[in-house]
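Naming: A, B, ... by sequence-line order, numbering from 1 per chain. Note that the coordinates shown come from a computational prediction; the quantities given were computed from them, not determined experimentally. These values consider heavy atoms only, across backbone and side chains, with no hydrogens, waters or symmetry-generated copies.
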Amino acid sequence: MAYWLMKSEPDETSFDDVLAAPGRTVSWFGVRNYQARNFMRDAMSVGDGVLFYHSSCAVPGVAGIAEVASGPYPDATQFDPSSPYHDPKATSAHPRWISVDVRAVEGGRYLTLAEMRSVPALGDMVLLQKGSRLSVSPVTAGQWNAIVALLREGQR
DNA sequence: GCCAACGTTGGC
DNA sequence: GCCAACGTTGGC
């Protein structure tokens, strides 16, 4: 079992939006970076743990725990000329970008990026490296356990 | 809104 | 295949 951190802009899709979605599941579309795509296509498995991260917002941080709920399939928005994620070089015969389904598992308190930076056990996280801007990044088991413990602090 | 860092594009 | 120019990301 592997662990991942996936970034979403909460104005577009927040963790609460996923909790409210049918089956608590959404399609993760719009990834347009090859490294992030390759993680999703080649390394993710159904059941992998996902830290749901809110980016490009007033207070970035981890909003909850989710899981990978499907294998990879073509991202429909790449074929849609009216979508901001449209890719004119992608065809249905040769799709370039993929999606996976993500299911919300558990909320928690909001763990801010600033707090994550203060936790020594998280110092090696890909997310926290200088210049890192991958929208999908791997998380080690140790990092995962530390973050899950922090998310559960003060929760009933 | 700024800007550092990174990724992509395209001329050569 | 190099690399300058440009575009994007994302925290602050």
Side-chain angles (χ1 to χ4, degrees), chain A residues 2-21 26-44 48-68 72-140 142-144 146-151 153-154:
Chain A
Y3 303 99
W4 308 95
L5 182 140
M6 299 175 80
K7 297 181 183 176
S8 181
E9 299 189 13
D11 289 346
E12 190 158 352
T13 307
S14 70
F15 187 70
D16 284 344
D17 291 336
V18 185
L19 282 173
V26 298
S27 178
W28 202 274
F29 60 88
V31 170
R32 293 295 180 270
N33 169 280
Y34 289 105
Q35 200 176 348
R37 179 203 67 181
N38 293 348
F39 282 136
M40 292 201 300
R41 185 188 62 190
D42 304 332
M44 274 187 182
D48 279 358
V50 172
L51 300 171
F52 195 105
Y53 180 85
H54 286 178
S55 72
S56 292
C57 55
V59 184
V62 174
I65 298 167
E67 66 181 1
V68 177
Y73 55 89
D75 178 342
T77 62
Q78 69 191 306
F79 309 125
D80 178 359
S82 69
S83 167
Y85 298 112
H86 179 237
D87 184 342
K89 293 179 180 171
T91 64
S92 51
H94 296 283
R96 178 176 293 193
W97 306 110
I98 59 125
S99 293
V100 298
D101 288 346
V102 171
R103 178 186 303 124
V105 172
E106 176 183 341
R109 73 185 180 91
Y110 191 74
L111 178 61
T112 68
L113 175 63
E115 181 175 354
M116 293 170 75
R117 289 197 187 282
S118 76
V119 177
L122 303 181
D124 290 335
M125 279 191 79
V126 173
L127 174 77
L128 303 183
Q129 302 313 303
K130 182 173 181 174
S132 172
R133 52 185 221 198
L134 270 177
S135 60
V136 177
S137 59
V139 172
T140 68
Q143 292 159 0
W144 171 269
I147 289 171
V148 169
L150 290 166
L151 288 170
E153 271 181 9

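Note: CG (A:Asp87) to P (B:dT8) measures 12 Å, nearest angstrom. Nucleotide C:dG11 holds its P atom 13 Å from the CG atom of A:Leu134, rounded to whole Å. If you measure from atom NZ of A:Lys89 to atom C1' of B:dG10, you get 10 Å, rounded to the nearest angstrom. Here C:dG11 presents its P atom at 11 Å from CG of A:Leu5, a figure rounded to the nearest Å. Taking atom NE2 of residue A:His54 and atom P of nucleotide C:dG11, one finds them 12 Å apart after rounding to whole Å. Regarding A:Leu113, its CG atom lies at a distance of 6 Å from the P atom of C:dG11, rounded to whole Å. Computed from coordinates, the A:Arg133 CZ to B:dT8 P distance equals 8 Å when rounded to whole Å. The distance from atom CG of A:Asn33 to atom C1' of B:dA5 is 13 Å, rounded to the nearest whole Å.
Relative to the side chain of A:Tyr34, the nucleotides C:dG11, B:dT8, B:dC6 differ in distance, and B:dT8 lies closest.
Regarding contacts with the backbone of C:dG10, a side-chain N or O of A:Lys7 is found under 4.0 angstrom from either OP1 or OP2. In terms of phosphate contacts, A:Tyr53 brings no side-chain nitrogen or oxygen within less than 4.0 Å of OP1 or OP2 of C:dT9.
In summary, the side chains of A:Asp101 and A:Tyr73 do present a donor paired with an acceptor at a separation below 3.5 Å, with no hydrogens or angles considered.
Aromatic rings from A:Phe52 and A:Trp4 are positioned such that their centres are separated by 6.0 Å or more.
Looking at A:Ser27, its side chain never comes within 3.5 Å of a backbone N or O of A:Phe29 through a donor-acceptor pair.
The stretch residues 120-137 of chain A participates, sequence neighbours left out, in no salt bridge (charged side-chain N to carboxylate O under 4.0 Å, His left out) pair at all.
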